[in-house]
Colleague: 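Starting off with a structure, shown below.
To find a chain, count down the sequence lines: A is the first, B the second, and so on, and within it residues start at 1. Just so you know, these numbers use all the heavy atoms, side chains as well, and skip hydrogens, waters and symmetry mates.
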Amino acid sequence: MLDSKKLRKDTEETILNLNRRGFHFDLNKWEKLESQRKELQSFNENQQSKLNNLSKQIGQAKKEKEDTEGLQKDATKLTTEIKELTKKLDKLLDEINDFVMSVPNLIDEDVPDGKDETENLEIRKYSSPRKFNFTPKDHLELGDNKGIDMEAGAKITGSRFKVLKKEIAQLQRALLNFMLDTHVGDHGYEEVYVPYIVNQDSLLGTGQLPKFEEDLFKLDGKNPFYLTSTAEVPVTNLLRDEILESNNLPVKYVCHTPCFRSEAGSYGKDTKGIMRLHQFEKVELVQAVESSDSEEALEELTGHAEAILKKLELPYRVVSLCSGDIGFSSAKTYDLEVWIPSQETYREISSCSNFRDFQARRMKARWKNNKDNSTELLNTINGSGLALSRTVLAVLENFQEEDGSVTVPDSLRSYLGKDKILSF
RNA sequence: GGAGAGGUGGCUGAGUGGUUGAAAGCGCUCCCCUGCUAAGGGAGUAUAGGGUAAACCCCUAUCGAGGGUUCGAAUCCCUCCCUCUCCGCCA
């Protein structure tokens, strides 16, 4: 959510910024709603003030055993009027809230302009794709009958669900532990375990609601619960309605959860294998910092996600998402894209974003600045470190041998207890 | 699932219809004081919105959430959510 004060003050600048991401800000509607609100609210508050005074007078008069009938009559009239005004005002405020909640975050100045993902800006590349002296198989061919069982997933649930078995299930578990240990041990994150089912307030807080409900799985019970689409939701919402002491900053959480996504709108995309599923595992990094530190925190957090790829010796590149491709809540996003031999292209394996105070404002996540005794909004940053399914995929494909076996990257061998898998 | 007790500021906790946005304590900020420390004294210290672009100041709302009663609700009534204790069931 944007600061509505800033929206009122720097309207032109805000609109220009929003235009960069292709968002049309309905200025007419905004100004109309705002002027209506101002008028109605001032008047209503005025009437309320009058009523409060009257009530005090009545209280005073009763104490002194004076007649209050006339005063009470006036007060009743005012009360009725205020009830109606308040109803109108609430309706208007709802409308304004809906409007403001559907406005995306402002983007940072250094976010490249562009209309879609084809115009994302490559920032740097690490390592270079391996040259195979045979035709590399894709992960499904490698895993077929050896641990990736898409048919079983379809039987148990439906399309876009996987079953992993044997060495590939172990590989996923090894990667998971390797990632968590690295972030906790080397990068100083606190590991948290959280619910996988979240409520509406949490989803509103991080920005998945109200705009993106179709991407979520909603449960059917009496409470409006959803399966979490990313650990970002439960983890960032740990800070909701909190006021942190400055000596507790920065907050650095790492968390593994399954992620559930309906993948509405991706029909026909990545239909084969484990690239795009309704359920996948992910390790998520979340930081909360003072606003002056968030740019640096994004660089740091991106580096932490990159460290995993480096240790796994996977070729990747970092791209800065352009203004047309960047997410709704994000001010700036780096995607890490890993090399996928079977597709001869880089594919997203992590997305690291600085939300500045956009999420914090929605969820009232604040910190106490003892220097001037003020309470300020936190800045939140998060990124995948990394998406497990795609890491499994990338390791299988990048480290495959001609005979269909897969060499285990050095850093993973102690976790897996093997140098080589799928060699049968 | 049954029975009971609760939910008040950054925290602890008082408050059962009338200047209570809320006592007291802790914490925090600033100042004073004792050479430093320990301790003590004083002042300040919720959030959101509006009057206003800002300051002072003023107004409004907020005591788990939503509704109701009333001139007036932290306080009374209803619904829901959550926490705790006991019992039952259970990985």
Side-chain angles (χ1 to χ4, degrees), chain A residues 1-14 30-31 33-97 99-101 193 195-205 219 221-226 234 237-249 251 288 290 357 360-378:
Chain A
M1 192 163 67
L2 295 180
D3 182 4
S4 49
K5 252 187 201 155
K6 191 174 152 58
L7 201 48
R8 256 172 256 144
K9 220 172 76 186
D10 308 326
T11 314
E12 295 239 335
E13 191 191 325
T14 305
W30 166 250
E31 286 183 337
L33 287 172
E34 267 297 293
S35 68
Q36 276 178 14
R37 178 194 58 79
K38 208 177 269 190
E39 196 184 331
L40 197 54
Q41 185 173 346
S42 308
F43 184 66
N44 193 25
E45 287 182 356
N46 235 316
Q47 300 304 89
Q48 254 156 352
S49 177
K50 273 190 207 162
L51 177 63
N52 287 344
N53 280 328
L54 258 182
S55 294
K56 272 179 200 164
Q57 279 179 46
I58 292 170
Q60 208 62 5
K62 284 213 162 164
K63 228 182 228 167
E64 285 154 33
K65 306 232 156 72
E66 286 168 17
D67 180 42
T68 58
E69 201 177 318
L71 289 175
Q72 289 207 24
K73 234 179 202 168
D74 292 348
T76 309
K77 225 169 154 187
L78 260 181
T79 304
T80 324
E81 187 188 359
I82 287 168
K83 266 186 190 155
E84 265 169 51
L85 284 172
T86 305
K87 220 180 254 174
K88 261 194 219 165
L89 183 62
D90 283 348
K91 219 177 127 196
L92 191 60
L93 288 176
D94 275 353
E95 213 175 318
I96 290 176
N97 189 47
F99 183 90
V100 173
M101 288 290 258
Y193 172 86
Y196 304 154
I197 293 173
V198 296
N199 60 30
Q200 284 179 317
D201 284 343
S202 295
L203 290 160
L204 284 167
L219 301 186
K222 72 173 177 166
N223 291 314
F225 286 158
Y226 297 78
N237 273 282
L238 287 170
L239 304 168
R240 173 150 52 88
D241 293 320
E242 297 290 332
I243 300 178
L244 302 180
E245 294 294 331
S246 56
N247 58 14
N248 290 326
L249 298 178
V251 173
E290 302 178 17
D357 60 14
R361 183 170 297 105
R362 288 177 167 224
M363 67 176 110
K364 294 199 181 75
R366 295 156 297 175
W367 65 285
K368 188 88 181 172
N369 187 344
N370 283 332
K371 284 198 187 86
D372 54 2
N373 238 353
S374 65
T375 309
E376 298 179 28
L377 290 170
L378 286 163

Colleague: Tell me which nucleotide, if any, is Watson-Crick or G-U wobble paired with B:rU69 when both distances must be under 3.5 Å.
Modeller: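 Across all strands, not a single nucleotide pairs with B:rU69.
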
Colleague: List in chain and number order the residues that pass side chain to side chain contact (heavy atoms under 4.5 Å, CB included) with A:Leu51, two or more places apart in sequence or in another chain; answer none if no residue qualifies.
Modeller: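 A:Leu51 satisfies side chain to side chain contact (heavy atoms under 4.5 Å, CB included) with A:Ser55, A:Ala75, A:Leu78, A:Thr79, A:Ile82 once adjacent residues are dropped.
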
Colleague: Using both distances under 3.5 Å as the test, list the Watson-Crick or G-U wobble partner of B:rC56, or none.
Modeller: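 B:rC56 is unpaired by these criteria.
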
Colleague: To the nearest Å, how far apart are A:Leu239 CG and B:rG10 P?
Modeller: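 The answer, rounded to whole Å, is 16 Å.
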
Colleague: Write out a two-atom table: protein N or O, nucleotide N or O from nucleotides 18-23 of chain B, distance below 3.5 Å.
Modeller:
from   : atom 1 : to      : atom 2 : distance (Å)
B:rG18 : N2     : A:Ser55 : O      : 2.8

Colleague: Taking side-chain hydrogen bond (donor to acceptor under 3.5 Å, both in side chains) as the definition, give me every residue that meets it alongside A:Glu81, ordered by chain and number, with sequence neighbours left out.
Modeller: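 If we apply the side-chain hydrogen bond (donor to acceptor under 3.5 Å, both in side chains) test to A:Glu81, skipping adjacent residues, the hits are A:Gln47.
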
Colleague: In Watson-Crick or G-U wobble terms, both distances under 3.5 Å, what is the partner of B:rG35?
Modeller: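 B:rG35 is paired with nothing.
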
Colleague: Could you check which nucleotide pairs with B:rA22 in any of the strands shown, counting Watson-Crick or G-U wobble with both distances under 3.5 Å?
Modeller: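 Base-paired to nothing in any strand shown.
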
Colleague: Name the pairing partner of B:rA46, where a pair is Watson-Crick or G-U wobble with both distances under 3.5 Å, or state none.
Modeller: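 Looking at the geometry, B:rA46 pairs with B:rU62.
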
Colleague: Pick out the pairs of N or O atoms, protein on one side and nucleotides 45-47 of chain B on the other, that lie under 3.5 Å.
Modeller:
from   : atom 1 : to       : atom 2 : distance (Å)
B:rU47 : OP1    : A:Thr375 : OG1    : 2.7

Colleague: Which parts of nucleotides 50-70 of chain B does protein reach within less than 4.0 Å, heavy atoms only, written one letter per nucleotide 5' to 3' as B for base, S for sugar-phosphate only and - for none?
Modeller: SS-------BBS-------S-

Colleague: For atom P, what is the distance between B:rA74 and B:rU20, given to the nearest Å?
Modeller: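 It comes out at 12 Å once rounded to the nearest Å.
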
Colleague: Using the C1' atom on both, measure B:rU62 against B:rA22 and round to a whole Å.
Modeller: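 After rounding to an integer number of Å, I get 12 Å for this pair.
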
Colleague: Could you tell me how far apart A:Ile82 (CD1) and B:rG72 (P) are, to the nearest whole angstrom?
Modeller: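 After rounding, the gap between these two atoms is 9 Å.
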
Colleague: Rounded to whole angstroms, how far apart are CG on A:Asp241 and P on B:rG10?
Modeller: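 Computing the A:Asp241:CG to B:rG10:P distance gives 11 Å.
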
Colleague: Compare every heavy atom of A:Asn237 with every heavy atom of A:Ser202, then report the nearest pair and how far apart it is.
Modeller: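 Closest approach of A:Ser202 to A:Asn237, heavy atoms only: O-ND2, 2.8 Å.
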
Colleague: B:rA5 pairs with which nucleotide, Watson-Crick or G-U wobble, both distances below 3.5 Å?
Modeller: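 WC or wobble partner is B:rU83.
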
Colleague: Could you tell me which residues satisfy side-chain hydrogen bond (donor to acceptor under 3.5 Å, both in side chains) with A:Glu34, sequence neighbours excluded, listed by chain and number?
Modeller: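 A:Glu34 satisfies side-chain hydrogen bond (donor to acceptor under 3.5 Å, both in side chains) with A:Arg8, A:Arg37 only.
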
Colleague: Apply side-chain hydrogen bond (donor to acceptor under 3.5 Å, both in side chains) to A:Asp10 and list each qualifying residue two or more places apart in sequence or on a separate chain.
Modeller: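 With neighbours one apart ignored, the set is A:Lys6.
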
Colleague: Could you pull out all residues at least two apart from A:Arg361 that satisfy side-chain hydrogen bond (donor to acceptor under 3.5 Å, both in side chains)?
Modeller: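 Partners of A:Arg361 by the side-chain hydrogen bond (donor to acceptor under 3.5 Å, both in side chains) criterion, ordered by chain and then number, come out as A:Asp357.
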
Colleague: Once side chain to side chain contact (heavy atoms under 4.5 Å, CB included) is applied, do any residues pair with A:Gln36, and if so which ones, sequence neighbours excluded?
Modeller: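 Here the qualifying residues are A:Lys32, A:Leu92.
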
Colleague: Using the C1' atom in both, what is the distance from B:rA39 to B:rC32, to the nearest Å?
Modeller: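 So the two C1' atoms sit 14 Å from each other.
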
Colleague: Does the structure show a Watson-Crick or G-U wobble partner for B:rA14, both distances under 3.5 Å? Name it, or say none.
Modeller: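 Paired with no nucleotide.
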
Colleague: For A:Asp201, check side chain to side chain contact (heavy atoms under 4.5 Å, CB included) against everything at least two apart and list the hits.
Modeller: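 By the side chain to side chain contact (heavy atoms under 4.5 Å, CB included) rule, A:Asp201 matches A:Asn199, A:Leu204, A:Arg240.
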
Colleague: Could you give the side-chain donor-acceptor pairs of residues 241-248 of chain A under 3.5 Å, partners two or more places apart or in another chain?
Modeller:
none

Colleague: Specify the separation, in whole Å, of atom CG of A:Asp3 and atom C1' of B:rG49.
Modeller: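 About 12 Å, once rounded to whole Å.
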
Colleague: Determine the interatomic distance between P on B:rC84 and the same-named atom on B:rC31; round to the nearest Å.
Modeller: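 Comparing P positions in B:rC84 and B:rC31 gives a spacing of 44 Å.
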
Colleague: What heavy-atom pair brings A:Leu249 and A:Leu378 nearest, and what distance separates the two atoms?
Modeller: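 Closest heavy-atom pair between A:Leu249 and A:Leu378: CD2-CD2, 3.7 Å.
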
Colleague: What integer number of Å spans the C1' atoms of B:rC86 and B:rA91?
Modeller: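 Going atom to atom, C1' in each nucleotide, I get 22 Å.
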
Colleague: To the nearest Å, give me how far apart CD1 (A:Ile96) and P (B:rG49) are.
Modeller: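 Spelled out: CD1 on A:Ile96 to P on B:rG49 is 13 Å.
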
Colleague: Give, for atom CD of A:Glu45 and atom CG of A:Asn52, the distance between the pair rounded to the nearest 0.5 Å.
Modeller: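 A:Glu45 atom CD to A:Asn52 atom CG measures 11.0 Å (nearest 0.5 Å).
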
Colleague: For atom P, what is the distance between B:rU45 and B:rG10, given to the nearest Å?
Modeller: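 Rounded to whole Å, the distance is 14 Å.
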
Colleague: Output yes when a side-chain donor or acceptor of A:Arg362 lies under 3.5 Å from a complementary backbone atom of A:Leu203, and no otherwise.
Modeller: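 Checked: no pair found.
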
Colleague: What residues form a ring-ring contact (aromatic ring centres under 6.0 Å, His included) with A:Phe99, not counting sequence neighbours?
Modeller: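 A:Phe99 satisfies ring-ring contact (aromatic ring centres under 6.0 Å, His included) with A:Phe25, A:Trp30 once adjacent residues are dropped.
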
Colleague: Using a 4.0 Å heavy-atom cut-off, does A:Leu78 contact any base of the nucleic acid, only the sugar-phosphate backbone, or nothing at all?
Modeller: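 A:Leu78: no heavy atom of the nucleic acid under 4.0 Å.
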
Colleague: If you measure from the P atom in B:rC77 to the same atom in B:rC59, how many Å do you get, rounded?
Modeller: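 The answer is 32 Å between these two P atoms.
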
Colleague: Using purine N1 to pyrimidine N3 plus N6-O4 or O6-N4 for Watson-Crick, or N1-O2 and O6-N3 for G-U wobble, both under 3.5 Å, which nucleotide pairs with B:rA74?
Modeller: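 Result: none.
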
Colleague: Using the P atom in both, what is the distance from B:rU79 to B:rC89, to the nearest Å?
Modeller: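 Going atom to atom, P in each nucleotide, I get 30 Å.
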
